[in-house]
Asks: 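So that we are looking at the same thing, I have put the structure below in C-alpha cells.
Values in this document were obtained by computation on a predicted structure and should not be read as measured data. By convention here, the first residue in the shown sequence is residue 1. Just follow the structure's listing: the first ligand is 1, and inside any ligand the first atom is 1.
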Amino acid sequence: MTSSAQRFTVGLTGGIGSGKTTVANLFGELGASLVDTDAIAHQLTAPGGLAIASIRAHFGAEFIDPQGAMDRARMRSHVFGNAGARQELEAILHPLIRSETVRAAEAAEGDYVIFVVPLLVESGTWVGRTSRILVVDCEEDVQIERVMRRNGLQRHEVEAIMAAQASRFARLAVADDVIENNGDSEALRAPVQALHARYLELMRAA
Ligand code: ADP
C-alpha cells in the first residue's frame with residue numbers, strides 16, 4: 001500500500017450544521033474511506049484512550065471520571081477562559097489526533113481518504129496536508145435552523161457557536177472544491193457524484 005503522504009486525500013470541512021457528515025456519508029457510499037477527526041479526538045479521551053494517562057499526569061486524577069474517561073464537563077470549565085490550560089490540553093491532544101488520523105488513513109481501504117475536520121481552518125495545521133480541501137457551504141439561516149432542530153438549541157446558542165468558528169468567507173478562501181447544501185439532501189447526490197469522479201481522475205493522474 002502507498003504511504004499516506006502519497007495517497008490522494010481530501011480534507012472536508014464546513015460550519016456546524018452545514019452538512020459535513022451528510023456529505024461525507026454520500027462519498028463513503030461511493031467508495032471513499034472516511035476518517036472522522038472528532039470521533040478520533042473523542043476516542044482518545046474515552047476510557048482506555050491514548051490521552052488518558054497524560055491528562056491524569058498533567059491535570060490530576062480529578063479530571064478522570066470513575067469510568068476512566070476524561071471528565072469533559074470539568075475539563076471544559078477548567079479551560080474556559082484559561083488560555084494556558086487550553087494550550088496544555090491541546091499540546092497533549094493534537095499530536096495524538098495527528099498520529100491517529102495518519103494511522104487510520106494508512107489502514108483505510110477505500111479509493112481515497114476523506115478526513116472530516118470540523119475545525120480545519122481554525123486549527124491551521126491541516127491546510128497543505130491534503131491533496132484537496134472540500135468545503136460544504138450553506139446559508140447561515142439554513143445552518144442555524146438545522147442545528148436548532150438537530151441539537152434542540154435556541155437560535156442565540158447556535159449563533160454563539162458559529163461566532164466562535166471561522167467565517168464562511170475564511171473557509172471558502174481555502175477551498176479547492178465547494179459543495180453547496182442549501183436544498184434538500186437528494187440535491188446533494190449529483191454534485192457529490194461529480195466530485196467523486198473528479199477525485200478518482202485526479203488520483204489516477206497523480
Ligand atoms: P455537520 O456535520 O456539518 O454538523 P450534518 O451533516 O450533521 O452537519 O447536518 C446537520 C443536520 O441537518 C443533520 O440533522 C442532517 O440530517 C440535516 N441535513 C443536512 N443536510 C440536509 C439537507 N440538505 N436537507 C435537510 N436536512 C439536512
Asks: Name the closest protein heavy atom to atom 12 (O) of ligand 1, giving the residue it belongs to and the distance to 0.1 Å.
Replies: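 In this structure, atom 12 (O) of ligand 1 has R146 CD, 3.1 Å as its nearest protein heavy atom.
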Asks: Looking just at side-chain N and O atoms, do Y199 and D177 make a donor-acceptor pair shorter than 3.5 Å?
Replies: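 Yes, D177 and Y199 have a side-chain donor paired with an acceptor closer than 3.5 Å.
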Asks: Can R72 and T45 be counted as having a side-chain donor-acceptor contact under 3.5 angstrom?
Replies: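 A pair is found: one side chain offers a donor N or O, the other an acceptor, under 3.5 Å apart.
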Asks: Do the side chain of D65 and the main chain of D71 share a donor and acceptor less than 3.5 angstrom apart?
Replies: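 Between the backbone of D71 and the side chain of D65 there is no qualifying donor-acceptor contact (under 3.5 Å).
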Asks: Where is the nearest protein heavy atom to atom 7 (O) of ligand 1: which residue, which atom, and how far?
Replies: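 Looking at atom 7 (O) of ligand 1, the protein heavy atom closest to it is R150 NH1, 2.8 Å.
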Asks: Measure the distance from atom 2 (O) of ligand 1 to every protein heavy atom, then report the residue, atom name and distance (to 0.1 Å) of the closest one.
Replies: T21 OG1, 2.5 Å
Asks: Quick check: are there more than 12 heavy atoms from other residues, nucleotides or ligands sitting under 6.0 Å from CD of E88?
Replies: yes
Asks: Between NE2 of H42 and CG of D38, what distance do you get to the nearest 0.5 Å?
Replies: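 One finds 8.5 Å between NE2 of H42 and CG of D38.
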Asks: S54 side chain to I92 main-chain N or O, any donor-acceptor pair under 3.5 Å?
Replies: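 It does not hold such a pair.
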Asks: So, is G17 polar-close to ligand 1, with some N/O to N/O distance under 3.5 Å?
Replies: yes
Asks: Between D36 and F115 (side chain of the first, backbone of the second, donor and acceptor by atom type, cut-off under 3.5 Å), is there such a pair?
Replies: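 Side chain of D36 to backbone of F115: no pair is present.
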Asks: When you measure from the side chain of K20 to the backbone of G14, do you find a donor-acceptor pair of N or O atoms at a distance under 3.5 Å?
Replies: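 The answer is yes, because a donor-acceptor pair under 3.5 Å joins these two groups.
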Asks: Considering only protein heavy atoms, which is closest to atom 8 (O) of ligand 1, and at what distance to one decimal place?
Replies: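 Minimum-distance protein heavy atom for atom 8 (O) of ligand 1 reads G19 N, 3.2 Å.
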Asks: In terms of residue, atom name and distance, what is the protein heavy atom nearest to atom 6 (O) of ligand 1?
Replies: T22 OG1, 2.6 Å
Asks: Please determine whether any non-hydrogen atom of C138 lies less than 4.0 Å from an atom of ligand 1.
Replies: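 Outside the 4.0 Å threshold, so no.
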Asks: May I ask whether G14 has any heavy atom positioned less than 4.0 angstrom from an atom of ligand 1?
Replies: no
Asks: Show me which atoms of ligand 1 lie under 4.0 Å from any heavy atom of G15.
Replies: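 Once the distances to G15 are compared, the set is 3 (O).
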Asks: What is the closest protein heavy atom to atom 20 (N) of ligand 1, and at what distance does it sit?
Replies: N181 ND2, 3.1 Å
Asks: Enumerate the atoms of ligand 1 whose separation from the nearest heavy atom of G183 is less than 4.0 angstrom.
Replies: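 Answer for ligand 1: 22 (C), 23 (N), 24 (N).
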